K.L.:
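Pasting a structure here, questions to come.
Since this is a predicted model, take the numbers as computed values, not measurements. Computed over heavy atoms, backbone and side chain alike; hydrogens, waters and symmetry mates excluded.
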Amino acid sequence: LRERHTVFNSLMKEYAARSSQVTFVDTCSVLHTADGEIDPTMFVEDKLHVNAQGYARWTALLKPMLLKELQGK
């Protein structure tokens, strides 16, 4: 599914660039290793859903953005 996710993310990034109401956040790359491969330690056994470490990375990425947005309103 990686190829489909990549295409979908590209389309969403383009859409967000044209919309003042949408912000694209790349939540995929924080789940990759330094060499750009998917980090298997971020996922549960099904290799689809993230584990606590994956959620921690997403939180570290999203929380500052959301707090900044909320403070700006």
K.L.:
Quick one: are Thr33 and Asp39 in side-chain contact, heavy atoms under 4.5 Å?
P.N.:
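Contact flag for Thr33/Asp39 side chains = yes.
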
K.L.:
For the side chain of Thr59 and the backbone of Tyr55, is there at least one donor-acceptor N/O pair under 3.5 Å apart?
P.N.:
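Checked: pair present.
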
K.L.:
Are Leu48 and Phe43 packed together at the side-chain level, in the sense that at least one heavy-atom pair is separated by less than 4.5 angstrom?
P.N.:
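SC-SC contact between Leu48 and Phe43 ruled out.
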
K.L.:
Could you measure the distance from the CZ atom of Arg57 to the CG atom of Leu62? Nearest 0.5 Å is fine.
P.N.:
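With rounding to 0.5 Å, CZ (Arg57) is 14.0 Å from CG (Leu62).
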
K.L.:
Work out which heavy atom in Gln53 is nearest to a heavy atom in Thr41; give both atom names and the distance.
P.N.:
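Nearest heavy atoms, Gln53 then Thr41: OE1-O, 2.9 Å.
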
K.L.:
As an exercise, state the distance from OG of Ser19 to CZ of Phe24, rounded to the nearest 0.5 Å.
P.N.:
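Here the rounded value is 14.0 Å.
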
K.L.:
Return the NZ to CZ distance between Lys13 and Phe8, rounded to the nearest 0.5 Å.
P.N.:
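So the NZ of Lys13 and the CZ of Phe8 are separated by 14.5 Å.
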
K.L.:
Is there a donor-acceptor pair closer than 3.5 Å between any side-chain N or O of Asn9 and the backbone N or O of Met12?
P.N.:
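Checked: no pair found.
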
K.L.:
Would you say Val22 ends up clustered with Met65 if hydrophobic residues are merged whenever their side chains have heavy atoms under 4.5 Å apart, either directly or through other cluster members?
P.N.:
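Different hydrophobic clusters.
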
K.L.:
Going from CD on Glu45 to CG on Asn51, what distance comes out if it is rounded to the nearest 0.5 angstrom?
P.N.:
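Result: 9.0 Å between the selected atoms.
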
K.L.:
Quick one, Val30 with Leu61, criterion side chain to side chain contact (heavy atoms under 4.5 Å, CB included). Give me CA distance, side-chain angles, the key distance, then yes/no.
P.N.:
CA-CA 8 Å; Val30 297; Leu61 172 68; 4.1 Å; yes

K.L.:
Rounded to the nearest 0.5 Å, how far apart are NZ of Lys47 and CD1 of Ile38?
P.N.:
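Between Lys47 NZ and Ile38 CD1, I get 11.0 Å after rounding to 0.5 Å.
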
